There are 2 protein chains.
Amino acid sequence: MGGTNRCILLRSRPDGMPSGENFELVEEGVPEPGEGELVVQTIYLSVDPYMRGRMTGVRTYISPFETGKVLTGGVVGKVVESRNPDFKEGEIVTGNLSWADYSLSDGKHLRKLDPESAPISTSLGIVGMPGLTAYFGLLDIGKPKPGETVVISGAAGAVGTVAGQIAKLYGCKVVGIAGSKEKTSYLKKELGFDAVINYQREEISKAVKLHAAEGVDIYFDNVGGPISDSVMRRINYKARIILCGQISQYNLKEPEKGPRVQGQLIQRSALMQGFIVSDYADRQEEGIKQLGQWVRDGKLKYRENMVEGLENAPQAFIGLFNGENLGKQLVKVSEE
Amino acid sequence: MGGTNRCILLRSRPDGMPSGENFELVEEGVPEPGEGELVVQTIYLSVDPYMRGRMTGVRTYISPFETGKVLTGGVVGKVVESRNPDFKEGEIVTGNLSWADYSLSDGKHLRKLDPESAPISTSLGIVGMPGLTAYFGLLDIGKPKPGETVVISGAAGAVGTVAGQIAKLYGCKVVGIAGSKEKTSYLKKELGFDAVINYQREEISKAVKLHAAEGVDIYFDNVGGPISDSVMRRINYKARIILCGQISQYNLKEPEKGPRVQGQLIQRSALMQGFIVSDYADRQEEGIKQLGQWVRDGKLKYRENMVEGLENAPQAFIGLFNGENLGKQLVKVSEE
């Protein structure tokens, strides 16, 4: 089909906080599909905190990004050319694709979306990876029971907003920790959190003691660091600590030491469990169905923070670490 | 019945490592049982690391010892006088009783022992609290599968020796960490551990990498601190870290900071769970039956480290923190 394809490469690995210099926008030709392949035009691009780990060059649960290569992430797009019998032009799909105007795909791991059933952008947020992360982490690890106290850090983010709302659906008392008045107001007034803590203005230890007066039964942790240290001091017998993210640690040049948690876990017979959403790959359908149903029933609300233009994807990504997003951070690359 | 009863009091709370000055031996009269009560003459007294926590004066899962009061712990003894219809003179019982020649009891929480079925001292060790701790921790939290690698710290202690042998019964590769040649030889030659690490002589990180070459699936942690830091760096996907004790931390005057474990747990989708044996109170009978059977079948071996004389109980207790015991540390107070 010809034309220009803008792509964003990882130019260099961030040392500490990522900056614009770690990224580079280059132009190349729009890819031509071979037999069995298709071309997807990016509509929305997702930026997610976990991507910081892939930029570090250390193999963890997922292979690192390579410098000089195009970044990849969650994309919703439209099939614009197809030589794969399973996909037709005009269909809307989601998958892990390039930070680019156009991606080449063999169709494996692409999922078709029905624009009638939900806004297609939600497949990158509340009915996508972040929503599923909240769903499986909270329910499978946290096992919330009515009346329990659930504390959520990074509560205004794409995962935290969903985790908190599901905890409310399960009859829990929900305390959200976030970093601005706008965020805490949203959590309390729009999402129905029982209490909120603004860690920029309040002394966390005191605030946790005040708002989780009966102690913490479940801690859904997106941030780690000193905020978590304060929450850990208030855990109850048989508490469950769901380790979802540690965003406070991702940009440290040297790993930070902290209070050892083991003694506290023994004293409270408590569980701390790390996970990533792909641990639940075989239950993805269940999660998507349930989340979609809750959204359609008005039981789960969501907000998207939309940045316009592929060229602004690096700044949108960096903004995740400055607490700029309320809800799911997306980049709009082309019109639906 | 009259006579003298020697008792050991907590004279003062240890500040750091306990010393003889924290204890005091006093003499009083042998207690007289009231209606429904009985008097037990101590035969064996158990000293256990968890007691250090009770000496600190901070309420955790168990109330602190009070200064000026007689210490209590696991005891095996003989009923020498009874005004309780459920107990006869001459019966052998075990329970949480005084650090004294004689204890008064209302019979609640006392368990009768059959001296024919097993040596009575084992009810304080392999078929008692430490054995049950190993049994429930390893099986319920660790869920060992054949071929998995299990690393055990404090491997030559009362809990570690049992945990390692059960892991072998479940078909695991077992690596034990202990602090002397005598201990590591015992683990390897007598208990059949696959590999041993002497942390006094070897660089732990290297040794763990060498002996747990396929990574660590289960870590049964009795010690915490730098030894655990090294093991944590080698955990596998979906590893289980069983937090049983943190003996390296119990005598620190200031809590020690360490590497934050949360990132590692997320990267490996790993679980870390604290527990104490009383979490499994409702399954105690099952555990005692199974452990007793394994001992009778020769599948579990055990060793006891016996100190003679009630007056030496404080030194036996202090010795736990110097790594003096191989197997279960007991104090023999009177003849069987």
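Per chain, numbering begins at 1; letters A, B, ... match sequence-line order. The shown structure was predicted, so the numbers you read here are calculated from the model rather than taken from an experiment.
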request  = Under the side-chain contact (heavy atoms from CB on, under 4.5 Å) rule, what do B/Ile241 and A/Met272 come out as? Steps first, then yes or no, please.
outcome  = CA-CA 10 Å; B/Ile241 293 100; A/Met272 181 175 262; over 6 Å; no

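- Heavy atoms only, all atoms of each residue included: B/Ile266 and A/Phe275 are closest at CG2-O, 3.9 Å.
- The structure places NZ of B/Lys238 at 8.0 Å from CD of A/Gln273, a figure rounded to the nearest 0.5 Å.
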task = May I have the step-by-step check of side-chain contact (heavy atoms from CB on, under 4.5 Å) for B/Val261 and A/Gln262, ending in yes or no?
result = CA-CA 9 Å; B/Val261 295; A/Gln262 288 91 335; 3.9 Å; yes

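- At a threshold of 4.0 Å, the pair B/Lys257-A/Asp229 does not count as salt-bridged, since none of the basic side-chain nitrogens sits closer than that to a carboxylate oxygen.
- Taking the side chain as every heavy atom from C-beta outward, B/Arg260 and A/Pro259 approach each other to under 4.5 Å.
- Across B/Gly258, B/Cys244, B/Gly224, the residue that shares the most heavy-atom pairs under 4.5 angstrom with chain A is B/Gly258.
- Interface remark: A/Gln249 contributes side-chain atoms only to the contact with chain B (heavy atom separation under 4.5 Å).
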